[in-house]
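Atoms within each ligand, like the ligands themselves, are counted from 1 in listed order.
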Amino acid sequence: MSNTNYSFFKSVEKSFDKAAKFTKWDKGLLEQIKACNSIYSMRFPVKMDDGRIEVIEAYRVQHSQHKSPCKGGIRFSDAVNQDEVMALASLMTYKCAIVNVPFGGGKGGIKINPRNYSAYELEKITRRYTSELVKKNFIGPGIDVPAPDYGTGEREMAWIVDTYASLKPGEIDAAGCVTGKPISQGGVRGRKEATGLGVFFGVREVCNMPDVMKKVGLTTGVVGKTVVVQGLGNVGYHTAKFFREHGSVVVAIAEYEGAVYNAKGLNEEEVFQHRKKTGSILNFPGATNITNSKEALELECDILIPAALENVINGENAPRIKAKIIGEAANGPLTPEADDVFAAKGILVVPDMYLNAGGVTVSYFEWLKNLSHVRYGRMEKRFTENMNTHILSQIEELSGKKVSEKEKLFILHGPEEVDLVHSGLEESMITATREIMDIWHSNPEIPDMRTAAYVNAINKVATSYSELGIFP
Ligand code: NAD
């Protein structure tokens, strides 16, 4: 961060205050909601492969315990500092509240660049960090449940659960101490695509609202809508995939080296394979090259999905954006100046705080799976298939007609784990979108959907606090 006076946590507080004006909660209660409840700043020594001892700086912040456990990822980055972890923990509280995941917000960080360490060193750092958390009661299925974030993934989550379980022998719910684990260690199917699928469900729900679509000058539904996606990583790839599979036309995909455009539509998997083979997204067969990647954001389209970096749309380029809807798949892709431009132009911004909450929603499902000790679908799959077979055979017998083999397979299918996870995510995103829209429409003073999302989060957390009875 170049500006040493900049505080990410303060900027989150500013957004909170902007939204809090539209609520009627006691000032003291609002102060309590904003505050980080517990901050654990730690230093511990780790012996490196060459025999050197390095002092590692790390954090875990529990922003709110209005619901237990706390939830939020662990980041490995040399930019980690206490202010950043506090800000990210508080955003987790609001994100969980919006998608009705019954957790408080948390976040962890270790100030290292993982690329500078061997796998063995990373394992030692991760395991030592976990044991520090155990010592201070900062981790556990009912206390605080970390997950992956920048620089961490399934491998680190497997080390965490293994360390935790070995320090807590006999704790039957130990697998629920962390999410984002490999399937073999208690992970859940459907997590990889969760964020992109959640982005799709959220934007689709907005597109299904006739009054909202009328305001932005579009017809309802996603079929035939043109989409531009920035970033062909995990989130961008899956968002593009689900839009294409549901009848939208992904006209452009941008990566950092350039973008490709085809008015007839692009297939994200083919573009991905082309980039893997040639080392560049450019020169994709049948598509036009856009050598300045940023120009792709300014293309004529219905829906723009920034799914790469923060601050890519700012006061400078926002006036040239032609999309009618912007779905914030990345974290913080728009600056506050860009928000003002879009509010004035009537361009709808679907905010990151809830739109990219698919990951945490599916983490919640993983935690539930760990506590119930049974794979989703195991109890009902066969029962449903047998029942559907019976119903269909009765219908065929009574009507004297047969359904096609393709239809039959679809109707008889009992739910697998991945089906139920996708369905739970769909429900969560639809409900969250409707709640936010209701709040926005109920008060014409609320300037944008982002502020409405914050108002929704504040109302839920404040209700929970006040119902605890600690503010008589
Ligand atoms: P990723 O690393 O898999 O993908 C990011 C992609 O963006 C990469 O392919 C990268 O090459 C590309 N990119 C980098 N600079 C670019 C530029 N200037 N122009 C165009 N493309 C560029 O990361 P991801 O997991 O897909 O995350 C993307 C964003 O979504 C981040 O902001 C992240 O914080 C946010 N997010 C991710 C998740 C998740 O579950 N993965 C959840 C919530 C939010």
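Using a 4.0 Å cut-off to heavy atoms of Ala307, the atoms of ligand 1 that qualify are 28 (C). Per-residue contacts place Gly231 under 4.0 angstrom from the following atoms of ligand 1 (heavy atoms of the residue considered): 7 (O), 21 (N).
Put simply, part of Ala330 is less than 4.0 Å from ligand 1, judged by heavy atoms. In this structure, Tyr150 has a heavy atom closer than 4.0 Å to ligand 1.
Residue nearest to atom 16 (C) of ligand 1, selected from Phe272, Tyr256, Tyr237: Tyr256 (by heavy-atom distance). Within the set Lys192, Lys95, Gln230, the minimum heavy-atom distance to atom 19 (N) of ligand 1 is found for Gln230. Nearest residue to atom 6 (C) of ligand 1 from Pro333, Gly233, Gly236 is Gly233 (criterion: closest heavy atom).
Ring geometry for Phe16 against Tyr454 counts as perpendicular: the plane angle is over 60°, on a 0 to 90° scale with 30° as the lower cut.
A salt bridge does not link Lys136 with Glu132: none of the charged nitrogens is closer than 4.0 Å to a carboxylate oxygen. Using a 4.0 Å cut-off between charged side-chain N and carboxylate O, Lys241 and Glu269 make no salt bridge.
Counting all heavy atoms, side chain and backbone alike, Asn356 lies closest to Val199 at CA-CG2, 4.4 Å. Among all heavy-atom pairs drawn from Glu417 and Gly187, the shortest one is OE1-O, 4.4 Å.
Counting non-hydrogen atoms of neighbouring residues, nucleotides and ligands closer than 6.0 angstrom, the NZ atom of Lys192 reaches no more than 12 such neighbours.
Aromatic ring centres of Phe76 and Tyr150 lie farther apart than the 6.0 Å criterion allows.
At the top of the distance list for atom 39 (C) of ligand 1, counting protein heavy atoms only, stands Thr195 OG1, 3.5 Å. For atom 43 (C) of ligand 1, the closest non-hydrogen atom of the protein is Asn356 O, 3.5 Å. The protein atom (non-hydrogen) at minimum distance from atom 15 (N) of ligand 1 is Leu309 CD1, 3.6 Å. Summary of contacts: the protein heavy atom closest to atom 32 (O) of ligand 1 is Asn331 N, 3.1 Å. The nearest heavy-atom contact from the protein to atom 9 (O) of ligand 1 is Glu255 OE2, 2.5 Å. Given atom 3 (O) of ligand 1, the protein heavy atom at minimum distance is Asn234 N, 3.0 Å. The nearest protein atom to atom 37 (C) of ligand 1, hydrogens excluded, is given as Val235 CG2, 3.5 Å; this is a heavy-atom distance.
Asp419 contributes a side-chain N or O that, together with a main-chain N or O of Glu416, makes up a donor-acceptor pair within less than 3.5 Å.
Thr433 and Tyr354 are linked by a side-chain donor-acceptor pair at a separation below 3.5 angstrom, with hydrogens and angles left out of the test.
The proximity of Ala357 to ligand 1, defined as any non-hydrogen pair under 4.0 Å, does not occur for either the backbone or the side chain. Here Ala308 has heavy atoms under 4.0 Å from ligand 1 in both its backbone and its side chain.
The side chain to side chain donor-acceptor pair (under 3.5 Å) with Asn37 is formed by just one residue from the set Gln62, His63, Gln65; it is Gln65.
In this structure, atom 34 (O) of ligand 1 is in close contact with the protein, since a protein heavy atom lies within 4.0 Å of it.
Note that CG of Leu266 is 15.0 Å distant from CZ of Phe272, once rounded to the nearest 0.5 Å.
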